[in-house]
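Here the structure is a predicted model, which means the values were calculated and not measured. Chain letters run A, B, ... following the sequence lines, proteins first, then strands; residues in each count from 1.
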Amino acid sequence: MKTTISEVAKHIGEDVTIGSWIANKRSSGKIAFLQLRDGTGFMQGIVVKAEIGEEKFQEAKALTQETSLYVTGTIVEDERSLFGYEMQIKDFEVIHEAVDYPITPKNHGTEFLMDHRHLWLRSKKQHAIMKVRNEIIRATYEFFNENGYVKIDPPILTGSSAEGTTELFHTQYFDEEAYLSQSGQLYMEAAAMAFGKVFSFGPTFRAEKSKTRRHLIEFWMIEPEMAFMDHEDSLNVQENYVSHIASSVLKNCSLELQTLERDTAMLEKISAPFPRITYDEAVDMLKEKGFDDIEWGEDFGAPHETAIAESFDKPVFITHYPKDIKAFYMKPDPDRSDVVLCADLIAPEGYGEIVGGSQRIDDLKLMEQRYDEHGLTGEAYEWYLQLRRYGSVPHSGFGLGLERTVAWIAGVEHVRETIPFPRLLNRLYP
RNA sequence: UCCACCGUAGCUCAGUGGUAGAGCAAUCGGCUGUUAACCGAUUUGUCGCAGGUUCGAAUCCUGCCGGUGGAGCCA
């Protein structure tokens with residue numbers, strides 16, 4: 001009967017057939033070890049000459065890397081295998097012979113591997129990262145579904161920008177100029193007024209010429225928006241959500257984390273509540289640590305965020321940033337008009353900002369004032385103003401960057417390995 | 001856009017003015033428990049491109065192209 005590597009534990013002692021590829025191979029005069037992969041996992045198959053016959057044994061020894069084949073044999077438990085099971089191969093049938101597979105079991109550079117990303121995804125480490133990514137997505141849907149959120153999909157083609165600061169991808173919408181979405185947030189605010197609690201999950205685009213291990217041109221964000229929730233309520237949602245992600249990956253991806261050599265002790269510490277410090281406290285903390293290049297009113301750079309994160313073994317919220325360095329829609333603190341009710345969540349171990357969120361301005365007059373200050377005129381922004389004209393309520397929301405979160409949870413150095421086909425400054429292929 | 005570093009065999013790299021090298025991959029042979037298996041043999045070149053200096057340039061100089069890391073900006 002046909003099965004998959006992920007299911008072999010149910011077939012110990014039975015003869016099964018698995019459609020698979022040769023990931024690697026080792027052989028000697030009378031025994032050969034085939035490292036098999038089938039998409040669901042990796043497993044070793046054993047070919048013994050005395051049992052399979054001279055002709056088939058020679059055929060097994062000649063199998064090339066990434067040749068596809070059906071293997072048939074008995075599933076046995078074996079403690080020498082990390083996976084725990086092996087197949088004693090009785091027969092195999094080659095489907096397609098691969099010749100000169102480019103990615104060998106030895107070292108390769110990033111450029112070469114990225115040029116072969118369509119093949120690199122087959123490797124054990126990349127496979128593990130994508131499984132962690134998938135688990136984070138699954139846990140995201142689970143968390144928001146269980147907490148009464150409705151998934152709403154904002155548009156990708158838009159006629160206006162959410163935050164005028166970043167470079168947008170321009171495109172043509174018949175006779176009009178249009179942009180690829182850099183955030184679905186403004187639309188999610190409209191959705192929250194219709195459905196209460198909503199979340200989105202989709203791609204976003206930033207035409208920034210950023211070249212760092214934390215940046216992609218095209219990346220995926222999860223953007224919840226909640227009516228009748230203030231800044232504090234939102235922080236509670238954020239820490240519960242991130243904790244749920246961490247515990248789900250720990251529970252369902254233990255083999256993948258082992259493959260990635262991730263220190264799971266770091267992940268086990270990720271449980272709500274998370275520490276919270278204000279921007280003011282963060283500036284003081286940085287000055288104590290010897291940073292004399294930061295003054296109140298300036299935004300933090302990556303080294304600053306890393307230095308702050310090093311003081312905590314959990315993600316840390318930095319709240320109440322100065323109004324002037326944050327987006328126009330953030331609500332000022334009622335007790336202090338020079339700061340806004342917002343928070344960035346900084347991941348430990350130098351992974352940087354993974355969440356940014358705020359309570360939004362709900363007062364029509366104040367929002368109109370912000371429009372004037374930021375020069376937001378024209379009908380492209382009119383609909384957003386109407387959300388404050390017709391039954392405005394306090395509401396908050398946040399955006400979580402999927403790739404940065406995957407990089408942090410999986411312990412991967414660079415976000416380009418956390419998305420199947422990264423779009424980078426100089427890469428649109430494959 | 002700016003700063004730093006890099007570009008030599010299919011891959012990873014050494015070679016800093018005097019005959020183009022190593023390991024891996026590939027091919028052939030050996031080996032009954034391998035884990036990036038190991039051992040022996042064989043094959044592999046537009047030294048990123050263009051110009052210059054020199055008796056002689058992979059090596060020194062100039063320009064260009066490409067890549068990597070970082071800054072700014074952000075998730």
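- The side-chain contact (heavy atoms from CB on, under 4.5 Å) test with A:Val132 singles out one residue from A:Thr259, A:Ile137, A:Asn252, A:Ile409, and that residue is A:Ile409.
- Defined by atom type and a distance below 3.5 Å, a donor-acceptor pair is present between the side-chain atoms of A:Glu189 and A:His395.
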Start with the C-alpha distance between A:Lys49 and A:Glu55, add both sets of side-chain angles, then the distance that settles salt bridge (Lys or Arg N to Asp or Glu O under 4.0 Å), and finish with yes or no. CA-CA 9 Å; A:Lys49 185 157 97 173; A:Glu55 191 183 331; over 6 Å; no

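- Between A:Trp296 and A:Tyr279, the ring planes are perpendicular. Angles over 60° get that label, and only those under 30° would be called parallel.
- B:G17 is unpaired under the criterion used here, namely a Watson-Crick or G-U wobble arrangement in which both key atom distances are under 3.5 Å.
- B:U42 and B:U46: their P atoms are spaced 22 Å apart (whole Å).
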When you look at A:Glu225 and A:Lys197, which way does the salt bridge (Lys or Arg N to Asp or Glu O under 4.0 Å) test go after all the steps? CA-CA 6 Å; A:Glu225 192 74 30; A:Lys197 292 193 289 187; over 6 Å; no

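- Remark: A:Lys124 is positioned above the aromatic ring of A:Phe42, its terminal NZ or CZ atom under 6.0 angstrom from the ring centre and at most 45 degrees off the axis.
- Taking atom C1' on both nucleotides, B:A50 is separated from B:G66 by 15 Å, rounded to a whole Å.
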Using a cut-off of under 3.5 Å, enumerate the N/O to N/O pairs linking the protein to nucleotides 27-34 of chain B.
residue : atom : partner : partner atom : Å
B:C31   : N3   : A:Ser27 : O            : 3.4
B:C31   : N4   : A:Lys61 : NZ           : 3.1
B:G33   : O2'  : A:Arg80 : NH1          : 3.4
B:G33   : N1   : A:Arg80 : NH2          : 3.4
B:G33   : N1   : A:Glu86 : OE1          : 3.1
B:G33   : N2   : A:Gln44 : NE2          : 3.4
B:G33   : N2   : A:Glu86 : OE1          : 3.2
B:G33   : N2   : A:Glu86 : OE2          : 2.4
B:U34   : O2'  : A:Arg26 : NE           : 3.2
B:U34   : O2   : A:Arg26 : NE           : 2.9
B:U34   : O2   : A:Gln44 : OE1          : 3.4
B:U34   : N3   : A:Gln44 : OE1          : 2.9
B:U34   : N3   : A:Gln44 : NE2          : 3.0
B:U34   : O4   : A:Gln44 : NE2          : 2.6

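- Nucleotides B:U59 and B:G52 are separated by 14 Å at their P atoms, to the nearest Å.
- Side-chain N or O atoms of A:Ser68 include one that pairs as donor or acceptor with a backbone N or O of A:His96 at under 3.5 Å.
- Within the 4.0 angstrom heavy-atom criterion, only backbone atoms of the sugar-phosphate kind lie near A:Phe112; the bases stay farther away.
- As rounded to the nearest Å, B:G7 and B:U43 have C1' atoms that lie 25 Å from one another.
- Here B:A25 presents its C1' atom at 16 Å from CG of A:Leu119, a figure rounded to the nearest Å.
- RNA chain B is contacted by both A:His108 and A:Gly399; A:His108 maps to the nucleotide lying nearer its 5′ end (nearest heavy atom per residue).
- Separation of atoms CD1 (A:Ile419) and CD (A:Glu403) is listed at 4.0 Å; rounding is to 0.5 Å.
- Rounded to the nearest Å, the gap between the C1' atom of B:A4 and that of B:C74 is 23 Å.
- If you take CG of A:Asp100 and C1' of B:A25, they are 9 Å apart, rounded to a whole angstrom.
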What's touching nucleotides 66-70 of chain B from the protein side, N or O pairs under 3.5 Å?
residue : atom : partner  : partner atom : Å
B:G67   : OP1  : A:Asn426 : O            : 3.4
B:U68   : O4   : A:Lys211 : NZ           : 3.3
B:G69   : OP1  : A:His414 : NE2          : 3.2
B:G69   : OP1  : A:Arg416 : NH1          : 2.6
B:G69   : OP1  : A:Arg416 : NH2          : 2.8
B:G69   : OP2  : A:Arg416 : NH1          : 3.4
B:G70   : OP1  : A:Arg213 : NH1          : 2.2
B:G70   : OP2  : A:Arg213 : N            : 2.8
B:G70   : N7   : A:Lys211 : O            : 3.0

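- Applying the salt bridge (charged side-chain N to carboxylate O under 4.0 Å, His left out) test to residues at least two apart or on different chains, the pairs with a partner in residues 25-39 of chain A are A:Arg37-A:Glu66.
- Partners of A:Phe199 by ring-ring contact (aromatic ring centres under 6.0 Å, His included), not counting sequence neighbours, listed by chain and number: A:Tyr141, A:Phe144.
- Using bins of under 30°, 30° to 60° and over 60° for the plane-to-plane angle, the ring pair A:Trp220/A:Phe201 lands in the tilted bin.
- Judged purely by atom type and a 3.5 angstrom limit, A:Lys326 has no side-chain atom pairing as donor or acceptor with the backbone of A:Ser358.
- Following rounding to the nearest Å, A:Ile103 (CD1) and B:G10 (P) show an atom-to-atom distance of 17 Å.
- One donor-acceptor pair, N or O on each side, does fall under 3.5 Å between the base of B:C73 and the side chain of A:Ser210.
- Between A:His304 and A:Phe300, the ring-plane angle classifies as tilted under the 30° and 60° cut-offs.
- Regarding A:Arg206, its CZ atom lies at a distance of 6 Å from the C1' atom of B:A75, rounded to whole Å.
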Test salt bridge (Lys or Arg N to Asp or Glu O under 4.0 Å) on A:Asp230 and A:Lys331 and set out the steps. CA-CA 10 Å; A:Asp230 64 17; A:Lys331 185 181 177 75; over 6 Å; no

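- Residues of residues 340-358 of chain A having a heavy atom closer than 4.0 Å to RNA chain B, listed by number: A:Glu353, A:Ile354, A:Val355, A:Gly356.
- Applying the 90° cutoff around 0 to the glycosidic angle, B:U16 is assigned syn.
- Atom-to-atom, CD of A:Gln65 to C1' of B:C11 comes out at 12 Å; the value is rounded to the nearest Å.
- Pairing for B:C38 is with B:G30, a Watson-Crick or G-U wobble pair whose two hydrogen-bonding atom distances lie under 3.5 Å.
- Comparing the same atom, P, in B:C38 and in B:A25 gives a spacing of 7 Å after rounding to whole Å.
- Across all strands shown, B:C24 pairs with B:G10; the Watson-Crick or G-U wobble distances both stay below 3.5 Å.
- When both pairing distances are held under 3.5 Å, B:C5 makes a Watson-Crick or G-U pair with B:G67.
- Atom name P, nucleotides B:G48 and B:A20: the rounded distance is 15 Å, in whole Å.
- A donor-acceptor contact under 3.5 Å is formed by the side chain of A:His215 with the base of B:C74.
- To the nearest angstrom, P of B:C74 lies 13 Å from CZ of A:Phe300.
- A:Glu305 places its CD atom 11 Å from the C1' atom of B:C73, with the value rounded to the nearest Å.
- Across the protein-nucleic acid pair, A:Ile325 atom CD1 and B:G72 atom C1' stand 14 Å apart, rounded to whole Å.
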Scan nucleotides 21-23 of chain B against the protein and return all N/O pairs shorter than 3.5 Å with their distances rounded to 0.1 Å.
none

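- One C1' atom belongs to B:G63, the other to B:C11, and the distance between them is 30 Å to the nearest Å.
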May I have the step-by-step check of salt bridge (Lys or Arg N to Asp or Glu O under 4.0 Å) for A:Glu142 and A:Arg138, ending in yes or no? CA-CA 6 Å; A:Glu142 180 177 73; A:Arg138 192 203 63 74; 3.1 Å; yes

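- Across every non-hydrogen atom of A:Glu223 and A:Ser183, the tightest pair is OE2-OG, 2.9 Å.
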